[in-house]
Amino acid sequence: MRTYWNTNRGLRTLEKWEPNCWVQVTCPNEQDIEFLEKTLCIPDYFLMDIADTDERARYEFDDGWILIILRIPYVKEVRSRTPYTTIPLGIILNKEVCITVCYFETNMMIDFVSYQQKRGLGFTDSVDMVFRLFLSSAVWYLKRLKQINALIEKAKQHLDRNVNNTDLISLSRLQDSLTYFITSIRGNETLLSKLKFKLPVDELDADLIEDVNIEMSQARETTSIYTNILESTMDTYANIINNNVSSVMKMLTSISIILMFPTLVASLFGMNLINGMEESTWGFPLALAITIGITALFVWYFKRKTWI
């Protein structure tokens, strides 16, 4: 899907492509790819790099074209191992061309367009738009991190109940998501530090870059904090599981020891030897009473020691 935007003094849609407009391409189909390659003459390998979900944050120059790949947060709608992950957003620049290409529909880009329309100022140039996309990505990392933190806090509230595999799997998935986040944020920070010297930056852009640096740094530090909290929570879960296993084993061992004494008494009186009780009518009741007495004594002792 292609959308053409006039970025002068606001953000307004256009019916067709015009020089110096912003072309937003989302989930490109064959017609979109053909338009980009044949009409705008974009190098085909640019689009192939953007389509690679594992492509790192970087920039590239080729015969007047500039390709910038920014990693942005993305939430998968379907159930998956990593519900929160990152995807590449491609920014392609030339003298009269400014294009963003993303193979996924994201809330970040929808919010970015909505915010710029409310802002009503548009972009001073394509460089200003690039750094505003960096700022928007940092803000959305922080939003997604708040959602992840809410899930971690919810998991911590359930520590007092029985822990099951579902809880551990959910925490493991969040840990994977945080790993993707911290890697992508660091890549974006490195990319930003390089673009400051590669793009024509004016005074307004310098102020915007400072804001982006602050937001990126906050997102990176927040991710590190939540990673530490999540690791601590998973360690607590592991300790609880080990403690529960120890309690069960202690109880089973105590029961085994208690059951050993009735077996011992029965074995002694059941031996084929003369013990003076063979002809007695009280022989069996006496052996039974001794068994119950010894068992009750050790049950009382084990409870006193909190072994059962």
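Reckoned from all heavy atoms, side chains included, excluding hydrogens, waters and symmetry mates. Predicted, not measured: the structure shown is a model, and the values here were computed from it.
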What are the two closest heavy atoms between [X] and [Y], and how far apart are they?
X: Arg71; Y: Thr53; value: NH1-O, 2.8 Å
X: Glu105; Y: Thr26; value: CA-CG2, 3.8 Å
X: Leu230; Y: Leu178; value: CD2-CD1, 3.8 Å
X: Val212; Y: Phe131; value: CG2-O, 3.5 Å
X: Leu70; Y: Leu133; value: CD2-O, 3.8 Å
X: Pro28; Y: Cys102; value: CD-O, 3.6 Å

*Using 4.0 Å as the upper bound for N to carboxylate O, is an ion pair formed by Lys16 and Glu18?*
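No.
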_Surrounding OH of Tyr180 (heavy atoms of other residues, nucleotides or ligands, distance under 6.0 Å), is the total greater than 12?_
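No - once you tally the heavy atoms of other residues, nucleotides and ligands closer than 6.0 Å, there are 12 at most.
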*If you draw a 6.0 Å radius around CD in Gln147, do more than 12 non-hydrogen atoms from other residues or ligands fall strictly inside?*
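Yes, enclosed.
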Please, which pairs that meet salt bridge (charged side-chain N to carboxylate O under 4.0 Å, His left out) have at least one residue in [range], sequence neighbours excluded?
range: residues 32-47; result: Arg2-Asp32, Glu34-Lys38
range: residues 190-200; result: none
range: residues 213-230; result: Glu189-Arg220

*If you round to the nearest 0.5 Å, how far is CG of Asn20 from SG of Cys98?*
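With rounding to 0.5 Å, SG (Cys98) is 9.5 Å from CG (Asn20).
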*What is the distance from atom CG of Asn149 to atom CG of Leu174, rounded to the nearest 0.5 Å?*
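Here the interatomic distance stands at 10.0 Å.
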_What I want to check is whether the side chains of Tyr45 and Asp62 have a donor and an acceptor closer together than 3.5 Å._
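A pair is found: one side chain offers a donor N or O, the other an acceptor, under 3.5 Å apart.
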_Pairs satisfying side chain to side chain donor-acceptor pair (under 3.5 Å), at least one member in residues 93-102, at least two apart_ =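 Listed by first then second residue: Trp22-Thr100.
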*Can you tell me which residue pairs pass the side chain to side chain donor-acceptor pair (under 3.5 Å) test with a partner in residues 114-123, sequence neighbours excluded?*
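Listed by first then second residue: Gln116-Arg119.
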*With under 30° as parallel and over 60° as perpendicular, where do the rings of Phe302 and Phe298 fit, or are they tilted in between?*
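Rings of Phe302 and Phe298: perpendicular, over 60°.
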*In this structure, which one of Leu67, Leu89, Ile91 forms a side-chain contact (heavy atoms from CB on, under 4.5 Å) with Ile50?*
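One option only clears the test, and that one is Leu67.
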*Compute both the distance and the angle, then confirm whether Lys143 meets the cation-pi test with Trp140: under 6.0 Å from the six-membered ring centre, within 45 degrees of the axis.*
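So Lys143 does make the cation-pi contact.
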*Can you name the side chain to side chain donor-acceptor pair (under 3.5 Å) partners of Asp125, sequence neighbours left out?*
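Residues passing side chain to side chain donor-acceptor pair (under 3.5 Å) with Asp125: none at all.
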